[in-house]
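As structure tokens, the structure follows; a few thoughts come after it.
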Amino acid sequence: MLRPGLVLLALLVPLPVAVRGQDVAYRVVVHRTNNVSRLSREQVSRIFLRKITQWDNHQPMLPVDQGSDSPVRRTFTKQIHQKTIAAVQTWWQQQTFAGVAVAPPERAGDADVLDYIRRYPNAIGYVRAGTLITSDFKTVDITP
């Protein structure tokens, strides 16, 4: 039989698996013709905030987000921008109102993001890690 003190201790100990379980693993994806293979977390953040706007070949970067209710977007935003979706949306409202830039387009899910990248080879997006990536695409390694 468990002693009451051990039960209380068990309730106070954080459950890292459950906390990690809230995050959805993702992959950053580009068109197979894109020369990029590795980007830093900071570079990815700057791309999605449109602070970097051109690839090395001087073509425009076309970031594409998932919908604001998407679990994969929540994880991407937390890990890449180190902010909440609401904070990033507020920042975009300010940028738009000031006439600086507009937020990347949103797509409903992984398949829609991949379709966007297929149609626009300069695009960059993210999908759930388990999403099937065909030969039309390649995954970008993200470094700290």
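What you see is a predicted model, and the numbers here were worked out from it, not measured in a lab.
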Whether over 12 other heavy atoms sit under 6.0 Å from Asn57 CG: yes
Please tell me whether Val28 and Leu62 are part of a single hydrophobic cluster in this structure, the criterion being side-chain heavy atoms less than 4.5 Å apart. no
CD1 of Ile52 to CD of Gln54: how many Å apart, nearest 0.5 Å? 11.0 Å
Under the side chain to side chain donor-acceptor pair (under 3.5 Å) test, which residues partner Thr75, sequence neighbours left out? none
Any salt bridge (charged side-chain N to carboxylate O under 4.0 Å, His left out) involving residues 83-101? Give me the pairs, sequence neighbours left out, ordered by first then second residue. none
Which heavy atom of Arg107 sits nearest to which heavy atom of Arg119, and what is that distance? NH2-NH2, 4.2 Å
If I compare all heavy atoms of Ala108 with all of Asp112, which pair ends up nearest, and what's the gap? CB-OD2, 3.2 Å
Table please: side-chain donor-acceptor pairs of residues 123-133 below 3.5 Å, with sequence neighbours left out.
unit_1	atom_1	unit_2	atom_2	d
Tyr126	OH	Asp65	OD1	2.7
Tyr126	OH	Gln66	N	3.0
Thr131	OG1	Asp110	OD2	2.9
Thr131	OG1	Arg128	O	2.9

Pro63 and Pro104: which non-hydrogen atoms are nearest, and at how many Å? O-CB, 3.3 Å
What residues, two or more places apart in sequence or in another chain, satisfy salt bridge (Lys or Arg N to Asp or Glu O under 4.0 Å) together with Glu106? Arg73
Considering all heavy atoms of both residues, which atom of Val29 and which atom of Ile117 are nearest to each other, and what is their separation? O-CD1, 3.5 Å
Who are the salt bridge (Lys or Arg N to Asp or Glu O under 4.0 Å) partners of Arg118, not counting sequence neighbours? Asp115, Asp136
With Gln59, which residues qualify under side chain to side chain donor-acceptor pair (under 3.5 Å), at least two apart? none
Please collect all salt bridge (charged side-chain N to carboxylate O under 4.0 Å, His left out) contacts where either partner lies in residues 40-58, sequence neighbours excluded, each pair once. none
Could you tell me which residues satisfy side-chain contact (heavy atoms from CB on, under 4.5 Å) with Thr143, sequence neighbours excluded, listed by chain and number? Arg38, Ser40
By side-chain contact (heavy atoms from CB on, under 4.5 Å), which residues pair with Asn34, not counting sequence neighbours? Val30, Val36, Trp55
Which atom pairs, donor and acceptor, lie under 3.5 Å between side-chain atoms of residues 90-103 and protein residues at least two apart or in another chain?
unit_1	atom_1	unit_2	atom_2	d
Thr90	OG1	Ala86	O	3.0
Thr96	OG1	Trp92	O	2.9
Thr96	OG1	Ala101	O	3.3

Let me confirm one number: the CG-CZ distance from Asp69 to Arg74, rounded to the nearest 0.5 Å. 9.0 Å
Can you name the residues that form a ring pair (Phe, Tyr, Trp, His ring centres under 6.0 Å) with Tyr116, not counting sequence neighbours? Tyr120
Taking all atoms of both residues into account, what is the closest heavy-atom pair of Ser135 and Arg32, and its distance? O-CD, 2.9 Å
Residues that Thr33 engages under side chain to side chain donor-acceptor pair (under 3.5 Å), provided they are two or more places apart: His31
Determine whether Phe48 and Val64 fall in the same hydrophobic cluster, where Ile, Leu, Val, Met, Phe, Trp and Tyr are linked whenever their side-chain heavy atoms lie under 4.5 Å apart. no
Taking the side chain as every heavy atom from C-beta outward, state whether Phe76 and Val44 have any pair of such atoms under 4.5 Å apart. yes
